[in-house]
Amino acid sequence: MPELPEVEVTRRGIDLPLQGARVLSVETGKPLRWPLGVPPQDLHGAGIERVERRGKYLWMQFERGRGGLLIHLGMSGSLALRRGGASPRGPHDHFEMSTTAGTLRLTDPRRFGAVVWAPSREADPARKLLARLGAEPFDSTYGAREFHAALRGRRTPIKQLLLGGEVIVGAGNIYACEALHEAGIHPATPAGRLSPARAARLLEAVRGTLQRAVELGGSTLRDFRDAHGMGGAFQAQARVYDRAGHPCPRCGGLVRRMLQAQRSTYYCARCQRR
DNA sequence: AGTTAAACCTGGTTGC
DNA sequence: TGCAACCAGGTTTAAC
């Protein structure tokens, strides 16, 4: 469900409403990927300043001295902020924070997600989890030259390098496939063998793909819901992802599925070149 | 150091 | 219908 666009759409849905709100109570369900790190009641009374994003992580900054929460949606997580009456917690609701601006609830069936407290973004455990992340795709100071330089000498297939997030964050399995298709690059191409021109084209494709997905409200491929419970519209835009056997919308070739590092990759063997 | 596999967990879909 | 196998949007950790 959540790649960068879904996380950003979620952030935009909760940031302003939660700014200035105060935590009333916190309940946890089954264990998530990492423990919260503090007793839930320690968060009571904390004022929320804002919600930021780094890669696919959200950082909820509390008022001075109260630290913050690092939130990840994993594979199947979604956040919803609801005002008014409290509906009962369901079996997959593993974190619930009641605030003066409504109740924020993390629903995550697979529990690969996490909510972790840290004294600050720059302090462990947040620092450690954010440390290896690559460039933000919407960072205008990051350019094709840096991107190409980061690929130099890497023999890893470009699709896997995009997924890894050490070079550039945000593209998960769907958007990595879509961006490579848009750039006309075969997913198995060794990253270091991309010419400067093709690397530049790929960087722009990643940016464009993610940007358009944010504007469309995120992917709705399965059951993505933003913080208001609305689905996104990116699904209709997917050109290759989950479309094996269909014709490539650009060249009419057959969209194929292959495995890379145990993840499905969808691509057109005719117009995506090594 | 770079690259790849295993691990975490539940639920929906597919195929026999 | 039942049940096993496979698949799913992520990322860390351990192992070659």
Side-chain angles (χ1 to χ4, degrees), chain A residues 1-10 28-35 53-58 70-79 90-95 106-116 124-134 150-180 187-193 206 209-210 213-214 216-226 231-235 237-245 257-266:
Chain A
M1 179 191 310
E3 300 184 32
L4 184 146
E6 291 73 37
V7 177
E8 177 61 19
V9 167
T10 299
T28 55
K30 288 184 181 175
L32 292 164
R33 178 162 195 167
W34 299 295
R53 180 189 57 74
R54 174 73 175 100
K56 299 170 192 169
Y57 288 90
L58 292 174
L70 194 66
I71 302 168
H72 199 287
L73 302 181
M75 286 276 246
S76 58
S78 61
L79 277 176
H92 303 306
D93 299 333
H94 302 303
F95 181 86
L106 172 66
T107 304
D108 183 5
R110 292 178 73 179
R111 290 191 282 129
F112 289 170
V115 182
V116 178
D124 285 339
R127 181 203 60 83
K128 194 171 190 294
L129 291 169
L130 300 175
R132 81 183 61 204
L133 299 186
L151 304 182
R152 190 176 304 150
R154 305 295 296 265
R155 275 174 281 187
T156 306
I158 185 61
K159 153 79 164 12
Q160 288 167 238
L161 206 64
L162 286 179
L163 272 189
E166 314 150 46
V167 175
I168 185 166
V169 295
N173 210 30
I174 299 174
Y175 301 114
C177 291
E178 294 299 314
L180 284 164
T189 309
R193 289 181 54 183
V206 169
T209 303
L210 295 177
V214 170
L216 288 167
S219 171
T220 199
L221 269 171
R222 288 245 188 310
D223 53 0
F224 175 69
R225 291 292 176 275
D226 67 18
F234 186 83
Q235 179 180 31
Q237 305 286 315
R239 294 168 180 266
V240 288
Y241 184 82
D242 203 23
R243 294 192 53 79
R257 170 182 181 265
M258 69 172 171
L259 281 181
Q260 289 183 289
Q262 296 142 298
R263 305 295 301 277
S264 290
T265 298
Y266 298 89

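- Rounded to whole Å, the distance from CD on A:Gln260 to P on C:dA8 is 13 Å.
- Residues satisfying the salt bridge (charged side-chain N to carboxylate O under 4.0 Å, His left out) criterion with A:Arg257, sequence neighbours excluded, are absent altogether.
- A:His92 places its NE2 atom 7 Å from the P atom of B:dG12, with the value rounded to the nearest Å.
- Helical stems in DNA chain B, defined as runs of 3 or more consecutive Watson-Crick or G-U wobble pairs with donor-acceptor distances under 3.5 Å: B:2-8 with C:10-16, B:10-16 with C:2-8.
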Pairs: protein N or O with nucleotides 13-16 of chain C N or O, under 3.5 Å:
none

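- Take A:Phe112 and apply the side chain to side chain contact (heavy atoms under 4.5 Å, CB included) test, not counting sequence neighbours, and it matches A:Met75, A:Arg110.
- With sequence neighbours excluded, the residues satisfying side chain to side chain contact (heavy atoms under 4.5 Å, CB included) with A:Arg33 are A:Ala114.
- In summary, of the residues considered (A:Leu163, A:Leu161, A:Leu162, A:Thr156), a side-chain contact (heavy atoms from CB on, under 4.5 Å) with A:Lys159 occurs for A:Leu163 alone.
- Not counting sequence neighbours, the partners of A:Tyr266 by the ring pair (Phe, Tyr, Trp, His ring centres under 6.0 Å) test are A:Tyr241.
- Using P as the reference atom, B:dC9 and C:dA14 are 16 Å apart when rounded to the nearest Å.
- With rounding to whole Å, A:Leu73 atom CG is found 14 Å from C:dT12 atom P.
- Applying the side chain to side chain contact (heavy atoms under 4.5 Å, CB included) criterion to A:Pro190, with sequence neighbours excluded, gives A:Arg193.
- Summarising the geometry, the separation between CG on A:Asp242 and C1' on B:dT13 is reported as 12 Å, rounded to the nearest angstrom.
- Put simply, CG on A:Asp108 is 10 Å from C1' on B:dT10, counting in whole angstrom units.
- Taking atom P on both nucleotides, C:dT11 is separated from B:dA1 by 24 Å, rounded to a whole Å.
- With sequence neighbours left out, A:Arg132 forms a side chain to side chain donor-acceptor pair (under 3.5 Å) with no residue at all.
- Not counting sequence neighbours, the partners of A:Pro157 by the side chain to side chain contact (heavy atoms under 4.5 Å, CB included) test are A:Gln160, A:Gln260.
- Put simply, OH on A:Tyr241 is 12 Å from P on C:dC7, counting in whole angstrom units.
- The distance from atom CG of A:Leu133 to atom C1' of C:dG10 is 12 Å, rounded to the nearest whole Å.
- Annotation: salt bridge (charged side-chain N to carboxylate O under 4.0 Å, His left out) contacts of A:Arg54 (sequence neighbours excluded): A:Glu136.
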Heavy-atom contacts, protein to nucleotides 3-9 of chain B, under 4.0 Å, summarised as B (base), S (sugar-phosphate only) or - (none) per nt, yield SSSS-BB
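- Closest non-hydrogen pair, A:Ser264 versus A:Cys177, comes out as O-SG, 4.4 Å.
- Atom CE of A:Met75 and atom C1' of C:dT12 are 13 Å apart (whole Å).
- A:His94 pairs by the ring pair (Phe, Tyr, Trp, His ring centres under 6.0 Å) definition with nothing, not counting sequence neighbours.
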